[in-house]
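So the structure is just underneath, and the comments pick up after that.
This one's a predicted model, so the numbers in the text were calculated from it and none came from an experiment.
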Amino acid sequence: MINETKRPILWTIAGSDCSGGAGIQADIKTGHALGMEVCTLITANTVQNSQCLLSINPTPVSVLQRQLEVLLEDKPPIAIKIGLLANNAQLDWLTQTLQTLRQQLPELIVVCDPVMKASVGQSLMAESLASLMYEELIQLVDVITPNHCEAAGLANDFSETAKPSEWASAILEKGCPALLISGGHGDSEHTVTDKLFWKEQSFFLSSPKAQTGYGHGSGCTLSTALACFMAQGYLPRDAFIQAQAFMNKAFALCPQEPDYYGALIQPSWPVEKQFYPQVILNPALNAIAEQGFPTLGIEQLGLYPVVNSVEWLAKLMPLGLKIIQLRLKNQTETELRDSIQQAVALAKHHPQCRLFINDYWQLAIEYGAYGVHLGQEDLQSLSAEELKYLQQSGLRLGISTHGAYEFMLAQQVNPSYLAIGAIFPTRTKDMSGQIQGVDNLHQILKLRNDATLPIVAIGGITHDNAAEVIATGVNSIAVVTAITEAKNYQASVDTFKTMLQV
């Protein structure tokens, strides 16, 4: 969420649209709406209106360089959004500039919107030359955000049968870390699909097609919003869903006048669930989504210890807990079988305590455990047959989520509960780049489809910070070292239970 005390700085390197809809103007409005301080390096002054583009008047590279130098002294960026580049000289200058800035600012985030055609129709560069022109630049950015036509140009593939995934493969092979192909071209009459390709994964979002003519600057707005969210700590997949929610909210605010071409209205930070797009599930997950998994029969789960041995289960189960998890690591097949079998046998003496086995779902089924907890990677690696078998076993299913994208995806599977983490840094796992914080936890909770679905907060929770986590409205807090490394584990459990009022 927005930090009101010190706003992160975004540089936008783009053209000025005198009609006010796109380019620098859209970038400034978007950046301010999302809590950024915006600095501008204007690559060109355009002469255009809602009907036509008459001319592009490039800024000399010497002026851009001087602007960069003075801004770097006073307002170094956390993120840069790149839009229109008016000529080859600017492209060469920017390529060299980014190489230098990457060395000076190693955490710098760069998002590039490869502007090849004005939204009123006139080409700004030959799409067939895009692949060659952007060859070096795309290796220096974090995400590039073409529409369908621009993606075809970057991939140098204009065949009628080409698919976005094929364009993505060609572009990513050139050294681009991530690619967002925006929807709106070739989709159905009522929906659009945006596609993010990142770290050998693909993320698809479906949104209602905008029923308004106020779309001038939508491409600029989307790429700038993505840069803003990434600058404020979101991973690309979460920045992707947040940016699309921002766009959906923007279109909802615009007048329903399809015959008038006007500037997109940039909204406030998207916190309303109705603006978030639907995550498109892979076929295997989609096959089990409608039926879902059994409920836990209780919403307020209270304290949820996660332990690594049967010995710890024996200590904790008699303490009036409603739920507990056995997370086993680095054990042989024989050791795993013995531990899970013993754990299930022990749980039968404490029926009020729901035993979840982490990861090993086949053994959980074999020995009759109450439930299994899976991470996102584990869940999505299962085949349709495996998922169906898991569902038909009657096991309860808990799923880990890390951010809004995974939360929206996992809800559609209708699990027994969802975990959100890591709320704070933790020593039990490397959660680099996935620390949610209390503010983001509070925001994610607003995206629940079902108010009765139990939500568990996990990661770095201690007696000192548990109160602010509980105040968000979660149904449970999961803890590890706050219990297993406590001087008195029973006293630690009692303290947490008192805080949770259970």
Side-chain angles (χ1 to χ4, degrees), residues 284-285 287-289 291-299 301-401 410 413-419 421 428-429 453-454 456 458 475-476 478-481 483-484 489 493:
L285 290 177
I288 68 167
Q291 183 177 341
F293 289 82
T295 67
L296 302 182
I298 186 172
E299 291 180 35
L301 296 174
L303 180 63
Y304 188 172
V306 178
V307 297
N308 62 3
S309 71
V310 176
E311 289 73 19
W312 269 112
L313 294 179
K315 292 178 181 178
L316 297 175
M317 280 185 168
L319 301 183
L321 299 170
K322 299 176 183 178
I323 189 168
I324 197 165
Q325 182 183 136
L326 178 62
R327 180 191 288 171
L328 299 170
K329 302 292 182 183
N330 304 316
Q331 291 198 353
T332 66
E333 176 72 15
T334 299
E335 290 171 336
L336 285 171
R337 286 183 169 277
D338 288 344
S339 294
I340 293 174
Q341 187 175 26
Q342 292 175 42
V344 172
L346 181 63
K348 291 179 179 179
H349 297 287
H350 304 280
Q352 84 292 341
C353 188
R354 297 157 179 81
L355 171 64
F356 278 77
I357 305 298
N358 183 266
D359 289 347
Y360 300 104
W361 61 274
Q362 298 99 325
L363 295 178
I365 294 174
E366 181 177 343
Y367 291 111
Y370 179 86
V372 64
H373 182 94
L374 296 178
Q376 289 276 329
E377 297 81 5
D378 302 309
L379 178 70
Q380 299 199 50
S381 68
L382 299 183
S383 67
E385 293 75 17
E386 289 174 322
L387 284 165
K388 199 67 177 177
Y389 178 56
L390 174 60
Q391 186 180 60
Q392 292 175 345
S393 73
L395 246 64
R396 279 72 173 174
L397 175 66
I399 303 175
S400 293
T401 67
V413 179
N414 292 307
S416 307
Y417 74 82
L418 286 178
T428 59
K429 281 189 178 181
L453 177 67
V456 180
I458 186 171
N475 307 92
S476 175
V479 297
V480 185
T481 57
I483 290 176
T484 60
Y489 70 89
V493 168

Between [X] and [Y], which heavy-atom pair has the shortest distance, and what is it?
X    : Y    : result
I288 : K388 : CG2-N, 4.2 Å
L395 : P294 : O-CD, 3.5 Å
P305 : I324 : O-CG1, 3.4 Å
E386 : S383 : OE1-N, 2.9 Å
Q352 : M317 : NE2-O, 3.5 Å
P454 : S416 : CD-O, 3.4 Å

Distance check, rounded to the nearest 0.5 Å: [X] atom [atom1] versus [Y] atom [atom2]?
X    : Y    : atom1 : atom2 : value
L321 : R354 : CG    : CZ    : 11.0 Å
L355 : K348 : CG    : NZ    : 11.5 Å
L303 : L319 : CG    : CG    : 9.5 Å
Q325 : L313 : CD    : CG    : 10.0 Å
N308 : L328 : CG    : CG    : 7.5 Å
L316 : I483 : CG    : CD1   : 6.0 Å

Just wondering, do [Y] and [X] contact through their side chains at under 4.5 Å, heavy atoms?
X    : Y    : value
N358 : V306 : no
Q380 : L285 : yes
L336 : L363 : yes
L326 : W312 : no
Y417 : H373 : yes
D359 : K329 : yes
D378 : W361 : no
L387 : L379 : yes

task: For side-chain contact (heavy atoms from CB on, under 4.5 Å), just list the numbers for I298 and I323, CA-CA rounded to whole Å, side-chain angles, deciding distance to a tenth of an Å, and then say yes or no.
output: CA-CA 11 Å; I298 186 172; I323 189 168; over 6 Å; no
field: Y367 and R337: side chain donor to acceptor below 3.5 Å
entry: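 Their side chains do contain a donor-acceptor pair, which is all the 3.5 Å distance test asks for.
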- request: Please check if the side chain of Q391 supplies one atom and the backbone of F293 the other of a donor-acceptor pair under 3.5 Å.
  value: no
